[in-house]
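Below you'll find the structure, written out as structure tokens, and then a few comments.
Position 1 is the first residue of the sequence; numbering continues from there.
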Amino acid sequence: MKDSETFDAVKGFIEENVLKGQGAVESDTPLLEWGILDSLSVARLGAFIEKRYGVVMPGDAPLAEKFHSLDSVVTFVGELRVAG
């Protein structure tokens with residue numbers, strides 16, 4: 001089951017800070033493949049996630065897999081929160 005609060009927060013961050021209100025993303029939008037996220041925006045999203053959820057982004061996380069879509073980002077955040 002999807003964490004709707006995390007989903008809404010990450011979706012809002014991407015739409016407001018990456019797309020600058022000029023577009024929307026859906027749960028399965030391919031964020032990296034479509035060029036919505038690049039290395040700088042992934043770093044900014046990672047910093048947002050760390051600050052909001054009090055987690056640490058692992059340096060060895062496979063970004064293409066973890067940041068593929070909004071759903072995969074939400075799942076990744078859940079994994080980080082469980083790991084503590």
Side-chain angles (χ1 to χ4, degrees):
M1 187 168 121
K2 179 171 29 186
D3 177 350
S4 61
E5 185 278 328
T6 302
F7 181 88
D8 291 343
V10 173
K11 178 178 172 62
F13 179 87
I14 292 170
E15 290 177 351
E16 292 172 24
N17 296 286
V18 178
L19 296 174
K20 309 281 189 207
Q22 300 297 310
V25 293
E26 300 302 324
S27 61
D28 61 349
T29 302
L31 302 172
L32 295 169
E33 183 179 327
W34 286 7
I36 295 169
L37 294 181
D38 59 16
S39 59
L40 180 58
S41 56
V42 165
R44 290 175 46 219
L45 178 57
F48 166 78
I49 291 168
E50 286 182 332
K51 183 175 182 180
R52 181 169 184 117
Y53 298 104
V55 298
V56 176
M57 299 292 278
D60 61 348
L63 296 183
E65 178 183 320
K66 304 296 185 184
F67 287 79
H68 171 73
S69 68
L70 193 51
D71 279 347
S72 65
V73 174
V74 171
T75 298
F76 183 46
V77 171
E79 292 168 0
L80 292 173
R81 292 175 80 183
V82 168

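Note: the hydrophobic cluster containing Val56 does not contain Val42 (ILVMFWY, side chain heavy atoms under 4.5 Å, direct or indirect links). Side-chain heavy atoms closer than 4.5 Å link hydrophobic residues (I, L, V, M, F, W, Y) into clusters, and following such links, possibly through other members, connects Trp34 to Phe67.
To the nearest 0.5 Å, atoms NZ (Lys20) and CD1 (Ile14) are separated by 13.0 Å. Taken to the nearest 0.5 Å, the CG atom of Leu32 stands 8.0 Å off from the OG atom of Ser41. Rounding to the nearest 0.5 Å gives a distance of 12.5 Å between CD of Glu16 and CD of Gln22. Expressed to the nearest 0.5 Å, how far CG of Asp3 lies from CG of Asp71 amounts to 11.5 Å.
Residues Leu80 and Met57 approach most closely at CD1-SD, 3.5 Å, considering heavy atoms.
Residues Val73 and Leu31 meet the side-chain proximity criterion, which asks for heavy atoms closer than 4.5 Å.
With hydrogens and angles ignored, the 3.5 Å screen pairs a side-chain donor or acceptor of Ser72 with a backbone N or O of Lys66. Without hydrogens or angle criteria, Glu15 side chain to Val25 main chain gives a donor-acceptor distance under 3.5 Å. No side-chain donor-acceptor contact under 3.5 Å links Arg52 to the backbone of Ala9.
Applying the ring pair (Phe, Tyr, Trp, His ring centres under 6.0 Å) criterion to Phe48, with sequence neighbours excluded, gives Phe13.
Remark: of the listed residues Val10, Thr75, Thr29, Asp28, Val10 is the sole one forming a side chain to side chain contact (heavy atoms under 4.5 Å, CB included) with Leu70.
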Discussion item. Working note: Val77 + Tyr53, criterion side chain to side chain contact (heavy atoms under 4.5 Å, CB included); need CA distance, chi angles, decisive distance, verdict.
Written reply: CA-CA 8 Å; Val77 171; Tyr53 298 104; 3.9 Å; yes
